[in-house]
Amino acid sequence: MAGKTILILGGGIGGQVAANVLRKEISRDHRVVLIDQRPDAVFAPSLLWLIVGKRELQQIRRPLAPLSRKGIEVIQTEVTRIDPAARTVAAGEQILSYDSLIISLGADLAPETVPGLAEAAHSFYEPSGALRLWEAVRGFPGGRVVILIAATPFKCPAAPYEAAMLLDDYFKRRGLQTKVDLSLYTPEPLPMPVAGPAVGTAVKQMVEGRGIGLHPTMKIASVDPKGKELLFENGRRVGYDLLIAIPPHRAPRVARDSGLTGESGWIPVDPKSLKTRHEGVYAIGDITSIMLPVGKPLPKAGVFAHYEAETVAKNIAAELEGSKPTHLFNGRGYCFLELGAGRAGFASGDFYATPEPKVTMRSPGYHWHWGKVLFERWWLRHWL
Ligand SMILES: Cc1cc2nc3c(=O)[nH]c(=O)nc-3n(C[C@H](O)[C@H](O)[C@H](O)COP(=O)(O)OP(=O)(O)OC[C@H]3O[C@@H](n4cnc5c(N)ncnc54)[C@H](O)[C@@H]3O)c2cc1C
């Protein structure tokens, strides 16, 4: 078979896995090309440790260029247009043709969509924001700390709750327990609602058990950065001294401008094959929308981007070898849940189960925290 080109857009979790698996499974006659606007990749789950001084950025960041040693062509530029009819992608100055396309461009953060939010809030959802937050946290003398989930869906449904518990632990270690009032406001009815009421209640108890105020079904309307006040849609006003927001998320502009997104605002895909409605085009990870049998979307999480990437890469490899693509993404996932003081919980389950996801939470312990540490090390060595 003449050499084919597989283009992978995005060098985050999904893109890294897809590129590595493809390169391992297919002959060097075929090109594997990875495009990302950034020169390096950051292991996002570890941003939670960065905001409490447990990691430095260089420990969790790796350049993408060395992937070329494995035979993956890496191009650092912005993707500005995807044209499935012409089977081309505009990236920087180049127009690249593909035989298969994997879109793994993640989710963009859009704090500007809530009046006042971008000006007022810290966000640890990207590395520079996480670093700025750590500076603010380490110098924080005490006062009201509010963690605000501005909208759903957002990446890693556990992350804001983990951040609350890690910050609580950090402030306690600094002897500030009587001086810091930590609370979390969310439009969700319970933490991690897709995982079901048992998991949500367990997380709620963990958070509230630490004295952190949890305020569900609170939808933000605007923020007053000067008066340091949040205004919610129900008319409630809440003051803060340090505001940490999970900003609204949306699909990257290139996906929206190229007409790939559906009603949900994300790219619709077949839940098992991750095929889009365009021939030879797959989408994986945060940029997709997969509606579950329970009527809620599959959460945006690296674990799903990872397994979706493996599924797609193995199926493309099978097709190139002339066999049938038989791999199916099964909706299974897991998540370490950092609790502070060196402990963590672990949730895992089947999100494609009917009539609702079957997710269980294991008893928290030190071993789950060390599990996440080992997982971080493995990830950074294995894929990058
Ligand atoms: C603080 C935090 C903690 C988290 N913890 C966990 C966890 O414990 N477990 C878990 O499973 N998930 C976790 N996640 C979520 C996880 O990181 C994401 O779900 C995962 O990274 C999604 O992978 P992806 O490949 O879809 O997108 P990403 O990993 O975000 O990669 C997208 C890539 O596309 C690139 N890109 C975007 N637009 C363009 C463009 N126009 N041109 C070129 N390049 C572009 C970006 O630079 C980026 O590198 C966490 C996330 C955060 C923020």
Side-chain angles (χ1 to χ4, degrees), residues 7-19 34-52 55 60-62 64 74-82 89-92 102-109 123-127 129-130 133 147 153-163 166 192 244 246-247 249-258 266-267 269 274 282-288 298-309 312 332-338 344-348 351 368-369 371-373 375-376 379 383-384:
L7 274 190
I8 301 166
L9 309 184
I13 288 193
Q16 289 158 29
V17 174
L34 179 77
I35 309 177
D36 200 295
Q37 61 201 356
R38 299 195 194 130
D40 40 41
V42 166
F43 186 63
S46 300
L47 290 172
L48 285 161
W49 288 327
L50 199 140
I51 63 169
V52 288
R55 287 291 181 281
I60 61 169
R61 183 174 62 186
R62 295 288 180 276
L64 288 169
V74 180
I75 303 177
Q76 191 210 325
T77 192
E78 188 187 353
V79 177
T80 51
R81 184 94 202 151
I82 300 166
V89 164
I102 303 176
I103 306 174
S104 189
L105 292 169
D108 278 357
L109 304 177
S123 167
F124 60 92
Y125 263 47
E126 43 85 27
L133 175 58
I147 299 178
F154 58 91
K155 300 187 230 191
C156 188
Y161 301 95
E162 296 179 87
L166 286 166
M192 303 163 69
I244 304 168
I246 317 306
H249 289 29
R250 64 179 168 204
R253 172 180 286 278
V254 58
R256 291 180 276 130
D257 288 355
S258 302
W266 305 93
I267 303 181
V269 288
L274 290 313
Y282 303 81
I284 57 175
D286 291 350
I287 200 167
T288 63
L298 182 72
K300 301 198 181 298
V303 65
F304 298 130
H306 174 175
Y307 293 137
E308 291 168 3
V312 169
R332 286 179 188 275
Y334 59 86
C335 164
F336 297 99
L337 201 106
E338 282 289 297
F346 185 80
S348 63
F351 284 77
W368 294 123
H369 167 73
K372 179 169 166 178
V373 172
F375 185 75
E376 171 201 50
W379 188 278
W383 300 112
L384 290 159

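Whatever order the structure lists them in is the order used to number ligands and atoms, beginning at 1.
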Specify whether Y334 and F346 have parallel, tilted or perpendicular ring planes, treating 30° as the upper limit for parallel and 60° as the lower limit for perpendicular. parallel
Do ligand 1 and Y334 have nitrogen or oxygen atoms that lie under 3.5 Å from each other? no
re atom 27 (O) of ligand 1, the protein heavy-atom contact at minimum distance is G106 CA, 3.3 Å
Taking heavy atoms and a distance under 4.0 Å, where does A44 meet ligand 1: side chain, backbone, both or neither? both
Would you say V303 and C335 make side-chain contact, with heavy atoms under 4.5 Å? no
Closest non-hydrogen atoms of T288 and G285, given as atom of the first, atom of the second and distance, are OG1-O, 2.7 Å
Would you check the N or O atoms of I13, main chain and side chain alike, for any that come under 3.5 Å of an N or O of ligand 1? yes
Would one find an N or O of F124, backbone or side chain, under 3.5 Å from an N or O of ligand 1? no
Shortest non-hydrogen contact between L337 and A158, atoms and distance: CD1-CB, 3.3 Å
Backbone or side-chain N or O of A159 under 3.5 Å from ligand 1 N or O: no
Do ligand 1 and S104 have nitrogen or oxygen atoms that lie under 3.5 Å from each other? yes
Taking the six-membered ring for Trp, is the centroid-to-centroid distance between W49 and H369 below 6.0 Å? yes
Which option wins on minimum heavy-atom distance to atom 20 (C) of ligand 1: P157, G302, G333, A158? G302
Looking only at non-hydrogen atoms, find the nearest pair between P160 and I246 and report the distance. CG-CG1, 3.8 Å
Between D36 and ligand 1, is there a nitrogen or oxygen pair with a distance under 3.5 Å? yes
With rounding to the nearest 0.5 Å, note down the distance linking CD1 in I75 to CG in L7. 7.5 Å
Check this for me - ligand 1, D286, N or O atoms closer than 3.5 angstrom, yes or no? yes
Answer with side chain, backbone, both or neither: which part of I287 has a heavy atom less than 4.0 angstrom from an atom of ligand 1? neither
N/O of G14 under 3.5 Å from N/O of ligand 1, yes or no? yes
Is T80 near ligand 1, meaning one of its heavy atoms is under 4.0 Å from it? no
